Protein chains: 2
Amino acid sequence: MARKAPRHAEAERNDHALLEAAKKVLAVDGAHASVATIAARAGVGIASLYRRYRSKDELFQHLCALSLDQWIRAAERGLQHDDPWEGLAHYIDACIEFSGGALGPLAGTIAVTDEMAAKFTRSEELMRDLVARAHAAGVLRPDATAMDISLLIEQLGKSPLIEQLDRQDRTDLIDAARNARKRTIAIALDGLRPGHPQLSGTAPSPALLAERWEHAPRGSTRLPERS
Amino acid sequence: MARKAPRHAEAERNDHALLEAAKKVLAVDGAHASVATIAARAGVGIASLYRRYRSKDELFQHLCALSLDQWIRAAERGLQHDDPWEGLAHYIDACIEFSGGALGPLAGTIAVTDEMAAKFTRSEELMRDLVARAHAAGVLRPDATAMDISLLIEQLGKSPLIEQLDRQDRTDLIDAARNARKRTIAIALDGLRPGHPQLSGTAPSPALLAERWEHAPRGSTRLPERS
DNA sequence: TCCAAACGGATAAATTCGCTTCGTTTGAGG
DNA sequence: CCTCAAACGAAGCGAATTTATCCGTTTGGA
């Protein structure tokens, strides 16, 4: 069996801290976030980052894959809800909450792995179900498509005000800002209920978003097995 | 009298192109946009930028002041509308359209001049009127405050999808993306109409946003007279 | 008590940025 | 058709970042 893991526990903790830190820093600094900032925020040395990920891009790819997992889980939990509207609303809330607008800036800057593309497809299917169920129950305005809702999530996930306050360490105000955004989200959700005038223009094609995850410029990079 | 302006016309055209380019680049690249990128996008040399503005910050300050003017004009035009709801809706639409999410990332990175602070105060007053009028006419949900609407505008102004497409020069898709965002905006506007359940939480304090423009770290920098 | 595994931070190498300097082009007045 | 000041574009400079590596130190199970 032998000496395999003298500080295995610490390594795993650091791995988690790194991913959490990367998400926060990405949300605040945008796509040009530096590895030094991420490592510092995680409270680890830079070498610990490069011991797990061969490059900055690989870290971001891993982060994307994990976020896609969260989307999938959120959709599954939404479908378990008995009330179709509550299920959809909780899904939207959850997606806005955990993504924190971190993935938007990343789009187009990293190579898309096969794994990521597959997870996106799965997530899209689940969401289509979620929306179809709400439509069938008549609790969602008929002219709102899954794409409309995806875009709404992306729009609301990124909050310039919260990012500014975060950047300036105004910890006294971010609670108020988060509360304020909750109200904005609630307003948008109300706009999704039935009983509103027909939306103008044609519904956006799902390809608009899908293209982001399907476009795989180079042979997919595979992450090394871990754990 | 004498030889005063051999190429005055070209200079003025370039000035305008610079400001327009700065807004676009800021929206796409965020607050770390470089002067080289801005000058290139405007189709002028770097020196032409520094001949008009003593520094990068001064260019951004001027841009902010101009945007605040646009906000004010949009609010005034909204108030001229006979229909209180139409006036408010057009105001929101206009603000989202021309700001393009350029000012959000700028917040907190440049010094706030007295001029900017004054213009923000004026813009805030006009908007309060706009909202009060809509409230009085009963065409706006009573629990939505001016702050709620300001935040909504800021949220919807910045579109990660459009920015990504812009960055990648996918000119074939940005029209579709803009149309898609129009739908998102329409949904949010519907959520502002009366007849929805009470918003949870307390209304955000106006200070949340105002603080951004009132905070004047150093003595205000004045722009050199031009024209 | 070992010693492999994991650690952190200094550091190398390359890039990027804000800004200046400089030689060239332009176009209205004479 | 010259003249020449005003405006131009772009190469270049030093300072500051950024990615990634190297190496001496710490840790904790066998």
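Throughout, protein chains are lettered first and strands after them, A, B, ... in sequence-line order, and every chain is numbered starting at 1. Fair warning: this is a prediction, and the values are worked out from it, not measured in the lab.
If you take CG on A:Leu165 and CZ on B:Arg212, they are separated by 7.5 Å, rounding to the nearest 0.5 Å. Considering CG of A:Leu103 and CG of A:Leu66, their distance stands at 10.0 Å, rounded to 0.5 Å. Between the CG atom of A:Leu130 and the CD atom of A:Glu76 there is a distance of 11.0 Å, given to the nearest 0.5 Å.
For B:Ile38 and D:dA10, the CD1 to C1' distance is 17 Å, given to the nearest whole Å. Protein atom CD of B:Glu58 is 10 Å distant from nucleotide atom P of C:dC19, rounded to whole Å. Taking atom CG of B:Leu59 as the reference point, atom C1' of C:dC17 lies 15 Å away to the nearest angstrom. In this structure, the CG atom of A:Asn14 is 17 Å from the P atom of C:dA5, given to the nearest Å. Taking atom CG on B:Leu18 and atom C1' on D:dG9, their separation rounds to 13 Å, with Å as the unit. Protein atom CG of B:Leu49 is 14 Å distant from nucleotide atom C1' of D:dA7, rounded to whole Å.
A 4.5 Å side-chain heavy-atom check between B:Tyr91 and B:Ile153 finds at least one atom pair inside the cut-off.
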Are there any protein N/O atoms within less than 3.5 Å of an N/O atom in nucleotides 21-26 of chain C, and if so, which ones and at what distance?
unit_1: C:dT25; atom_1: O2; unit_2: B:Arg7; atom_2: NH1; d: 2.9

Show each protein N/O and nucleotides 16-20 of chain D N/O combination with a separation under 3.5 Å, one pair to a line.
unit_1: D:dT19; atom_1: OP1; unit_2: A:Lys56; atom_2: NZ; d: 2.3
unit_1: D:dT19; atom_1: OP2; unit_2: A:Val35; atom_2: N; d: 3.0
unit_1: D:dA20; atom_1: OP2; unit_2: A:Tyr50; atom_2: OH; d: 2.7
unit_1: D:dA20; atom_1: OP2; unit_2: A:Lys56; atom_2: N; d: 3.1

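Residue A:Val44 is the one, among A:Val44 and B:Arg13, whose nearest nucleotide of DNA chain C lies closer to the 5' end (criterion: closest heavy atom).
Checking side-chain atoms of A:Arg128 against main-chain N and O of A:Ala146 turns up no donor-acceptor pair under 3.5 Å. Side-chain atoms of A:Gln164 do not come within 3.5 Å of backbone N or O of B:Gly104 as any donor-acceptor pair.
Nearest approach of B:Ser123 to B:Ile72, heavy atoms of both residues: CB-CG1, 3.7 Å.
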